[in-house]
Amino acid sequence: MNYTSTRDTSIKVTSSQAIAKGISAEGGLFVPESLPAVTLDEIAALANADYISRAKNILGRFLTDFTAEELDSCVRGAYETGFSSEKVAPVETIAEGTHILELFKGPTCAFKDMALQILPRLLTVAAGKAAKGTEIVILVATSGDTGKAALEGFKDVPGTKILVFYPSDGVSPMQKLQMCTQEGNNVAVSAIKGNFDDAQSGVKRIFTDKAIAEKLAANGMAFSSANSINWGRLAPQIVYYFSAYCDLVADGKIACGDKINVCVPTGNFGNILAAYYAKMMGLPIEKLICASNSNSVLTEFLTTGTYNRNRQFYATISPSMDILISSNLERLLYLIAGSDKVKEWMSQLATEGKYTVDDETLAKIKASFAAGCCDDDTTKATINKVFTEKNYLCDTHTSVAVTVYEEYKKSTGDCTPTVIASTASPFKFSAAVLEAVEGKKSDLNEFDMVTKLAEVTGNECPAPLANLKDKKVRFEGCCEKSGMDDVVFNMLGI
């Protein structure tokens with residue numbers, strides 16, 4: 001299988017080249033030239049397999065220049081240890097037809113672990129094929145969870161360095177502490193004065209700056225990405241939607257071939273796009289329900305066809321979704337409308353901050369997607385309600401998805417069995433979750449709130465978070481948006 005660019009279909013690269021490069025030179029995103037088909041018989045067979053077998057089966061269809069031995073090593077290295085559940089991504093049923101896909105059982109307690117525990121292994125193999133002798137520099141913009149998961153995945157991986165930028169006031173205290181205490185000799189972290197979109201735009205600009213690329217090349221280095229703009233980050237996310245469906249079949253919740261809906265709390269659009277890819281490959285998904293917080297740019301787009309980032313930015317209690325430029329939407333538009341229109345719309349977004357798709361494209365989007373949003377007060381109310389009525393504790397992002405799903409079901413009458421992606425441990429956002437459960441704000445410090453949340457709910461704080469309390473802060477730097485280049489050069493010593 002070869003890969004092309006969303007903005008230039010004359011480009012043809014292997015999966016190794018796509019993963020090693022991260023982003024195409026002209027700014028487009030790598031996408032497979034075609035999607036492999038998975039039959040119902042194959043899905044039925046996977047229902048009897050474990051997560052590792054499912055991952056090798058699905059990923060093997062995309063990573064065709066990896067040997068079976070290389071793929072087996074990558075998958076086993078990622079998922080055999082480090083996850084607190086044997087199932088890796090278990091499914092919990094909280095009501096008839098409502099299932100929670102728990103994607104936070106990895107070492108950093110967020111769904112990003114599902115891809116970022118395997119990406120360093122994929123990238124090491126890919127670089128050996130596509131960029132021999134080159135040191136890979138991973139550059140990451142994060143709204144909270146990607147940064148820590150990438151740092152943990154790439155720490156001390158030979159032949160790599162990793163630098164993470166995060167918005168100084170745009171992550172939770174626990175997320176910040178996770179990043180700034182990160183161990184490893186090849187890691188660095190810097191805050192920037194701005195929001196996630198500023199960080200992401202800065203990283204994309206650095207990626208596509210020819211002068212910077214030449215400077216790195218002269219020093220035997222090349223950039224790659226751990227953000228979901230990298231195909232090696234997105235492909236592993238497809239796996240867990242197949243796995244969730246297989247678990248529902250294996251548990252007798254559905255019959256193989258039955259349709260399900262999938263509801264995903266969404267910021268950069270990668271997680272829900274992975275579900276769309278699964279649907280296009282043959283997984284019986286009916287509707288993809290996109291859930292947003294007060295930064296509702298995706299809700300507006302999926303319902304009206306107009307994408308407009310020229311709006312107020314809200315810092316919410318679900319910070320990983322505080323995004324106004326959703327990078328992976330470009331891949332969806334490519335699948336539906338083709339590269340010429342994508343190039344036109346992305347140009348308009350860059351120059352005017354908005355674009356409107358044509359009626360045909362919007363109709364195709366609406367055939368697969370529904371969307372909704374909610375504010376912080378509603379998010380907290382849902383956390384309280386789900387805990388009180390179902391004895392299930394949601395984090396602030398999962399609560400957004402539960403809220404939007406319930407509103408969707410009420411407005412449409414659609415009772416199709418639904419999988420809701422749960423993206424983080426509630427203990428990563430203990431202040432907001434504790435306030436939601438108790439109905440009042442707490443003046444305790446971060447770790448006292450974690451302890452109190454565990455006492456009040458009977459849930460145990462995951463060890464990777466509890467153990468942060470006594471870790472030394474290593475990274476305290478903060479730069480202006482205009483100073484990101486210098487941070488990169490200083491970290492690399494060039």
Does the side chain of Ser422 come under 3.5 Å of the side chain of Thr398 through a donor N or O and an acceptor N or O? yes
Hey, what do you get for OG1 (Thr9) to OH (Tyr334), rounding to the nearest 0.5 Å? 6.0 Å
Is there a side-chain contact between Gln175 and Ser172 in this structure, where contact means two heavy atoms from C-beta onward sitting under 4.5 Å apart? yes
Aromatic ring pairing Tyr3/Trp231, orientation class (parallel under 30°, perpendicular over 60°, tilted between): tilted
Hydrogens and angles aside, do Asp358 and Thr361 bring a side-chain donor and acceptor to less than 3.5 Å of each other? yes
With a 6.0 Å cut-off (strictly less than), is the heavy-atom count around CD of Glu360, excluding the residue itself, greater than 12? no
So does Lys21 have more than 12 non-hydrogen atoms from other groups sitting under 6.0 Å from NZ? no
For Ile11 and Thr4, the nearest pair of non-hydrogen atoms, with its separation, is O-OG1, 2.8 Å
Within the 4.5 Å heavy-atom criterion, are Lys193 and Cys479 side-chain neighbours or not? no
Any side-chain donor-acceptor pair under 3.5 Å between Asp322 and Asn293? yes
Looking only at side chains, do Glu480 and Ser482 share a donor and an acceptor under 3.5 Å apart? no
Quick check, are the ring centers of His397 and Phe111 under 6.0 angstrom apart? no
Would you indicate whether the side-chain heavy atoms of Val203 and Val140 approach each other to under 4.5 Å? no
Less than 6.0 angstrom separating the ring centers of Phe83 and Tyr79, yes or no? yes
Side chains of Arg7 and Glu330, heavy atoms from C-beta outward: is any pair under 4.5 Å? yes
Consider ring pair (Phe, Tyr, Trp, His ring centres under 6.0 Å). Of Phe269, Tyr355, Trp345, which one does Tyr307 pass it with? Tyr355
Check the pair Tyr276, Phe369 against ring-ring contact (aromatic ring centres under 6.0 Å, His included), reporting the backbone distance first and the verdict last. CA-CA 9 Å; Tyr276 181 76; Phe369 288 88; 5.5 Å; yes
Under 4.5 Å between any side-chain heavy atoms of Val91 and Ile100, yes or no? no
Got a donor-acceptor contact below 3.5 angstrom from the Asp209 side chain to the Arg205 backbone? no
Electrostatic pair Asp113-Lys105, nearest N-O below 4.0 angstrom: no
Looking only at the aromatic ring of each residue, does the gap between the centers of Phe223 and Phe207 stay below 6.0 angstrom? yes
Asp65-Gln17 side chain donor-acceptor pair, cut-off 3.5 Å: no
Least distance between heavy atoms, Ser327 atom then Leu29 atom: O-CD1, 3.7 Å
Value for NZ (Lys343) from CD (Gln348), rounded to nearest 0.5 Å, stands at 13.5 Å
Could you check whether any side-chain heavy atom of Val38 comes within less than 4.5 Å of a side-chain heavy atom of Asn57, counting everything from C-beta outward? no
Below 6.0 angstrom between ring centroids: does that apply to Tyr166 and Phe196? no
Hey, what do you get for CG (Asn261) to NZ (Lys279), rounding to the nearest 0.5 Å? 9.0 Å
Under the 3.5 angstrom rule, does the side chain of Thr303 hit a backbone N or O of Thr299 as a donor-acceptor pair? yes
Can a salt bridge be assigned to the pair Asp145 and Lys112 using a cut-off of 4.0 Å between side-chain N and carboxylate O? no
Taking the side chain as every heavy atom from C-beta outward, state whether Ile52 and Glu80 have any atom pair closer than 4.5 Å. yes
d(Asp197 CG, Ile325 CD1) to nearest 0.5 Å is 4.5 Å
Please examine the side chains of Met114 and Tyr51, heavy atoms only from C-beta on, and report whether any two atoms are closer than 4.5 Å. yes
Distance-only polar pair, side chains of Thr306 and Asn308, donor-acceptor under 3.5 Å: no
Looking at OG of Ser73 and CZ of Phe66, how far apart are the two atoms once the value is rounded to the nearest 0.5 Å? 10.5 Å
Give, for atom CG of Leu468 and atom NZ of Lys176, the distance between the pair rounded to the nearest 0.5 Å. 14.0 Å
